[in-house]
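Residue numbering restarts at 1 for every chain, and letters A, B, ... go by the order of the sequence lines.
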There are 2 protein chains.
Amino acid sequence: MTPVNLKSLAEQLNMSIATVSRALRDSHEVSDATKARVRALATALNYEPNAYASSLRRNLSKTIGVVIPKVANHFFALAINGIEEAARQSGYHVLIYLTHDDYAREVSIVQHLKGGRIDGLLMSVASGTEDFAHIKSLQETNLPIVFFDRVCAEVATAKVTTNDYESGYRATEHLILAGCRHVAHLLISNNLSIGQFRQQGYLDALQAHGLTPDPDLVLHGVMDNEQNVALIRELLLRRPDIDGVFASVERLAISTYHVCKELGRRIPEDVKIIGFSNLEAAALLDPPLSTITQPAYEIGREAAKILLRAVEKKKAVLPAQSIVLESTLFERRSTASE
Amino acid sequence: MTPVNLKSLAEQLNMSIATVSRALRDSHEVSDATKARVRALATALNYEPNAYASSLRRNLSKTIGVVIPKVANHFFALAINGIEEAARQSGYHVLIYLTHDDYAREVSIVQHLKGGRIDGLLMSVASGTEDFAHIKSLQETNLPIVFFDRVCAEVATAKVTTNDYESGYRATEHLILAGCRHVAHLLISNNLSIGQFRQQGYLDALQAHGLTPDPDLVLHGVMDNEQNVALIRELLLRRPDIDGVFASVERLAISTYHVCKELGRRIPEDVKIIGFSNLEAAALLDPPLSTITQPAYEIGREAAKILLRAVEKKKAVLPAQSIVLESTLFERRSTASE
DNA sequence: CTGTTAGCGCGTTCAT
DNA sequence: ATGAACGCGCTAACAG
């Protein structure tokens with residue numbers, strides 16, 4: 001099977017490679033007649049330009065990279081959806097890499113990306129990452145980078161996040177206004193700025209409503225879910241006065257729900273729960289849990305758009321702006337009360 | 001900033017480009033001394049080979065493509081996870097494309113892929129796809145293809161699926177053995193072989209246990225969820241004798257759960273429900289629903305491994321074998337009965 | 001062991 | 001409006 005490339009097309013049409021190339025790229029310096037001839041044969045033979053030759057020549061790959069901790073997570077899955085949508089609209093391809101929150105793996109991936117394989121990078125850093133030299137080094141190769149969700153404060157570039165501080169504030173206030181006086185806060189311990197912001201929103205909301213923050217009511221969860229269930233059980237037993245729980249992570253909200261059921265604490269009469277969530281699980285429980293939901297799809301889409309705009313303009317250095325998208329608070333009540 | 005490539009390295013080391021290239025690729029025909037010198041400079045300057053130049057020259061991109069209907073779906077998200085894992089282990093990159101179950105989009109993507117951008121393709125076809133000419137045409141470019149989950153019978157190549165027939169059979173039998181006599185089957189209407197297999201398993205299980213299949217008990221759902229809820233409500237009202245429901249799709253199982261609650265049918269006393277599911281939602285309901293769960297991660301991983309093996313051996317044509325992985329039946333009972 | 005040469009397929013000069 | 005020639009960065013064949 002003879003290869004279908006510019007050369008073979010040119011031979012069959014009795015013209016030069018250059019003319020065929022120009023015709024296919026719709027150059028204005030080629031007659032309409034030949035354009036038609038070239039295109040006819042190209043589509044007939046199902047010609048598709050070799051992406052690598054083109055990339056090599058133009059030093060531009062029409063490909064962006066996405067580096068995220070995981071994909072089996074509704075937030076990131078939705079974000080990828082948004083990214084792919086924006087990329088496709090601009091004719092870009094999407095390479096995906098998973099770090100599994102492993103620092104060494106993240107470094108290895110980022111190093112690999114220096115080979116000019118991508119025109120731009122979208123990234124959500126691994127939770128364990130504290131040293132950002134690898135990212136800075138990548139940025140120095142003039143590769144545009146946009147962070148989303150788990151941003152990296154030490155690297156100056158565009159970032160797309162949600163209003164974590166305000167969400168924490170609103171979630172906590174929601175519980176307070178519903179009558180809660182002893183609101184616990186569950187979060188996963190790590191050095192991500194996200195958790196810190198939500199935590200601060202929680203603290204400020206308490207203060208603003210005349211409640212005294214109690215460190216004993218703040219539970220730092222771990223990675224293992226079984227352990228978290230035990231920690232939550234312990235907390236609820238130690239502090240029977242808890243009448244509201246704000247969970248920074250969906251799993252912790254669900255676990256709280258189960259522990260409450262197990263301990264016979266009625267929801268929401270005895271304990272009201274609100275949690276960050278991008279999954280529908282919380283809404284399906286009986287009674288359903290109220291949630292703060294991040295606009296994951298929009299975050300991915302917006303981040304990709306900003307990146308692609310920079311790529312198209314060959315702007316390697318992005319302004320270190322922070323785009324903040326609003327989360328939505330869904331208040332859910334049991335429908336069984338009718 | 002001077003570019004870091006073989007040429008610049010060679011100049012600084014006073015040797016030829018070829019030697020540098022060989023040293024970096026650890027060729028056995030280069031002295032250890034020069035290898036050391038080359039590597040030292042390469043790492044010092046953070047050299048990374050240009051992926052496109054290499055791909056063009058070797059006609060091999062170390063990249064595989066993944067074409068799936070959507071990613072915001074736990075099954076596909078887990079599958080991608082498995083694919084990325086296998087790819088990474090073999091040093092491959094992963095390009096991702098979403099069809100959103102749109103035939104035109106699938107065709108456009110597949111056409112794009114003919115440019116030699118990928119060394120192999122993993123694919124789950126769009127639900128609306130009936131004409132497979134675009135896929136066959138891609139296969140004719142000697143690109144190895146492996147289907148997973150939503151396979152395409154008309155194209156002869158390797159396929160990785162779950163035991164849909166058997167799963168349908170086991171799910172139905174599970175309900176029958178639990179005492180159900182009037183088992184309904186809910187599925188999404190389309191021309192995918194998957195639904196057909198599950199349906200056949202359902203029918204055969206009924207027959208095997210002396211029950212007569214009743215076409216009135218088979219509900220063909222649609223894409224819109226609101227409509228499905230209405231259809232299910234209508235079915236349960238029309239047929240109060242229904243005491244078991246087998247849902248081929250998670251959403252239908254969840255919807256059935258809600259309709260039962262709304263109509264005052266107790267679960268599982270009045271109606272037992274079992275559904276295909278890859279999400280934890282079904283397990284979180286109260287009472288939890290029993291599920292048939294596909295090994296999504298393993299499917300992705302296995303499919304990728306088969307594909308990569310073919311790619312490495314430059315075997316364009318894969319044996320038209322079908323790998324079938326076992327689903328798991330989770331029987332869940334309410335824990336509140338204690 | 002190392003250097004020289006010749007492309008991979010394409011896009012962009014510079015000619016005509 | 002078209003063709004000839006060069007080079008993107010890298011690898012492979014052939015010399016020595």
Q: Check this for me, if you would: do Lys35(B) and Glu29(B) make a salt bridge, where the nitrogen-to-carboxylate-oxygen distance has to be below 4.0 angstrom?
A: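 Looking at Lys35(B) and Glu29(B), the cut-off is not met.
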Q: Do Arg150(B) and Asp101(B) sit within salt-bridge range, that is, some charged N less than 4.0 Å from a carboxylate O?
A: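 Result for this pair is yes, salt bridge flagged.
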Q: Expressed as a whole number of angstroms, how long is the span from Asn59(A):CG to dC10(D):P?
A: 12 Å
Q: CZ of Arg37(B) versus P of dC1(C): gap in Å, rounded?
A: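 Distance check: Arg37(B) CZ to dC1(C) P gives 15 Å.
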Q: Within the pair Thr34(B) and dT2(C), is there a side-chain N or O less than 4.0 Å away from OP1 or OP2?
A: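 It does, given that an N or O in the side chain of Thr34(B) lies less than 4.0 Å from OP1 or OP2 of dT2(C).
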Q: Rounded to the nearest Å, what distance is computed from the CG atom of residue Leu24(B) to the P atom of nucleotide dA12(D)?
A: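 The distance from CG of Leu24(B) to P of dA12(D) comes to 14 Å, rounded to the nearest Å.
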Q: Could you check how far NZ of Lys114(A) sits from P of dG9(D), rounded to whole Å?
A: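 Nearest whole value for this atom pair: 18 Å.
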Q: Output yes when Asp119(B) and Arg58(B) qualify as a salt bridge under the 4.0 Å nitrogen-oxygen rule, no when they do not.
A: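 Salt bridge flag = no for Arg58(B) with Asp119(B).
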Q: For this output row, return yes or no: ring centroids of Tyr97(A) and His93(B) closer than 6.0 angstrom.
A: yes
Q: Answer yes or no: is there an ion pair linking Asp149(A) with Lys159(A), defined by an N-O contact shorter than 4.0 Å?
A: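 Salt bridge: no.
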Q: Any side-chain N or O of Ser16(A) below 4.0 angstrom from OP1/OP2 of dA4(D)?
A: no
Q: Only one of Gln111(A), His100(A), His134(A) clears side-chain hydrogen bond (donor to acceptor under 3.5 Å, both in side chains) with Glu106(A); which?
A: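 Only one option passes, and that is His134(A).
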Q: Does the side chain of Glu312(A) come under 3.5 Å of the side chain of Tyr92(A) through a donor N or O and an acceptor N or O?
A: yes
Q: What string of B, S and - do you get for nucleotides 8-16 of chain C 5' to 3' if you count protein non-hydrogen atoms under 4.0 Å?
A: BBBBBB---
Q: Hey, what bend do you get for the helix from dC1(C)-dG16(D) to dT16(C)-dA1(D) if you fit axes on five pairs at each end, rounded to 10°?
A: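 The end axes of the helix from dC1(C)-dG16(D) to dT16(C)-dA1(D) are about 40° apart, to the nearest 10°.
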Q: Nearest heavy-atom pair of Phe147(A) and Ile135(A): which atoms, and what distance?
A: CZ-CG2, 3.8 Å
Q: For the pair made of CG in Leu13(A) and P in dA1(D), what is the distance, rounded to whole Å?
A: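 About 18 Å, once rounded to whole Å.
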